[in-house]
Novice: 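Dumping the structure here so I can ask a few things about it.
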Amino acid sequence: MKQKVRKAVFPAAGLGTRFLPATKAVPKEMLALVDKPIIQYGVEEAIAAGIEEIIIVTSRGKSAIEDHFDTSFELEASLEKKGKTALLEIARYCASMAKIAYVRQSEARGLGHAVLMAKELVGDEPFAVLLPDDVIAGTVPCIKQMVEAYEDVQSSIIATQIVDGPAISAYGVLDGKAVEGKPKLFDVSGMVEKPKLEDAPSKNAIIGRYILTPAIFDKIENLTPGAGGELQLTDAIKGLLETEKVYGFSFEGIRHDAGDKLGMLQAMVDFALKRDDVGPGFRDYLKSLSL
Ligand code: G1P
């Protein structure tokens with residue numbers, strides 16, 4: 001019987017040191033692109049893909065994420081009293097958009113370990129993983145494209161994009177070959193986390209969207225520390241290859257690395273320009289700059 005992807009895991013336990021001092025007291029997932037926290041873009045993407053349950057892996061100091069997706073009676077009462085209906089809708093939507101469960105990762109032991117924390121909540125079914133730092137804009141949400149591909153192949157799928165030059169060393173990198181008749185899929189035969197440029201098996205970098213089968217949990221449990229001394233999700237997926245097929249997936253859309261300062265700035269410009277409210281004024285401002 002064909003299985004559906006109903007759950008999505010959001011690893012959000014990292015310290016976000018690349019954005020200090022902004023992230024000293026504010027979770028990096030709560031940094032905003034214009035006026036929306038980056039994690040909300042991911043949650044909305046998952047909902048648009050038909051995901052029914054969101055699982056967010058947090059850690060100490062991340063309570064702002066829980067507050068964001070919860071009711072704020074004080075705020076709502078104040079907006080209601082002032083008749084600010086549109087803002088009231090926005091506040092209410094945050095608290096009602098999804099069924100969200102939280103689980104803590106008490107030690108920073110890597111992305112694989114963070115995903116393992118969701119094992120009980122996911123259970124024995126395929127699930128999506130969205131890394132909130134990777135904000136992807138597209139006509140069809142990236143994870144929706146992948147959920148549809150999963151319905152066809154019923155195997156784990158990793159989003160991938162071409163990365164040229166030394167920048168490849170910041171990613172997991174896939175090895176494999178094209179699949180005949182399925183132009184977006186890539187038959188994965190191996191992968192390596194953050195290789196040196198000369199050791200990278202290809203230019204196919206892993207982007208932070210995955211559909212994984214529940215067999216991944218067993219693989220994570222049996223991992224030894226990999227790149228950076230951490231339990232790497234990439235290594236666990238490589239382990240899956242011993243028993244299952246894994247596909248790379250060339251998605252349609254533009255991916256922004258909002259975990260990086262330059263990437264965050266680029267995302268901000270792109271998202272602001274697309275907005276009906278601030279877009280036109282922002283465009284005029286950019287045009288007026290003598291760069
Ligand atoms: C993680 C993954 C890596 C992937 C990247 C995409 O790395 O471990 O395989 O290429 O996300 O953003 P991180 O950026 O958390 O170091």
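Predicted, not measured: the structure shown is a model, and the values here were computed from it. Both ligands and their constituent atoms are indexed starting at 1 by order of listing. Here, residue 1 is the first one in the sequence, and each next residue gets the next number.
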Novice: Is a donor on one side and an acceptor on the other found under 3.5 Å between the side chain of Gln232 and the backbone of Ala227?
Specialist: yes

Novice: Among all the protein's non-hydrogen atoms, which is closest to atom 9 (O) of ligand 1, and how far away is it?
Specialist: Glu193 OE1, 2.7 Å

Novice: Indicate whether the side chain of His256 and that of Gln266 have a donor and an acceptor atom separated by less than 3.5 Å.
Specialist: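 No, because no side-chain N or O of His256 sits under 3.5 Å from a partner of the opposite role on Gln266.
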
Novice: Considering only the protein, which heavy-atom contact is closest to atom 11 (O) of ligand 1, and what is its distance?
Specialist: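 The protein heavy atom lying closest is Leu131 CD1, 3.3 Å.
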
Novice: Can a protein heavy atom be found under 4.0 Å away from atom 14 (O) of ligand 1?
Specialist: no

Novice: Look at atom 7 (O) of ligand 1 and say which protein heavy atom is nearest, naming residue and atom and giving the distance to 0.1 Å.
Specialist: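 Answer for atom 7 (O) of ligand 1: Lys194 NZ, 3.2 Å.
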
Novice: Give the numbers and elements of all ligand 1 atoms closer than 4.0 Å to a heavy atom of Leu111.
Specialist: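 So the atoms of ligand 1 that pass are 2 (C), 8 (O).
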
Novice: Consider every N or O of Asp134 and every N or O of ligand 1, then say whether any pair is closer than 3.5 Å.
Specialist: yes

Novice: Are side-chain N/O atoms of Gln40 and His68 paired as donor and acceptor at under 3.5 Å?
Specialist: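 The criterion, which ignores hydrogens and geometry beyond distance, is satisfied for His68 and Gln40.
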
Novice: Kindly say whether Leu241 contributes a backbone atom to a donor-acceptor pair with the side chain of Lys219 at under 3.5 angstrom?
Specialist: no

Novice: Report yes or no: does a heavy atom of Arg255 sit under 4.0 Å from some atom of ligand 1?
Specialist: yes

Novice: Does CD in Glu74 sit with more than 12 non-hydrogen atoms of other residues, nucleotides or ligands closer than 6.0 Å?
Specialist: no

Novice: Find all atoms of ligand 1 within a distance of less than 4.0 Å from any non-hydrogen atom belonging to Tyr171, and give their numbers and elements.
Specialist: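 What qualifies from ligand 1 is 10 (O).
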
Novice: Does ligand 1 have any atom that is closer than 4.0 Å to a heavy atom of Thr234?
Specialist: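 Contact present.
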
Novice: Going by the angle between their ring planes, with limits at 30° and 60°, are Phe127 and Phe217 parallel, tilted or perpendicular?
Specialist: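 Phe127 vs Phe217 ring planes: parallel.
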
Novice: Check whether any side-chain N or O of Thr213 sits under 3.5 Å from a backbone N or O of Ser156 as a donor-acceptor pair, and report yes or no.
Specialist: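 Not a single qualifying donor-acceptor pair exists.
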
Novice: Among protein heavy atoms, which sits nearest to atom 5 (C) of ligand 1, and what does the distance come to when rounded to 0.1 Å?
Specialist: Ile206 O, 4.0 Å

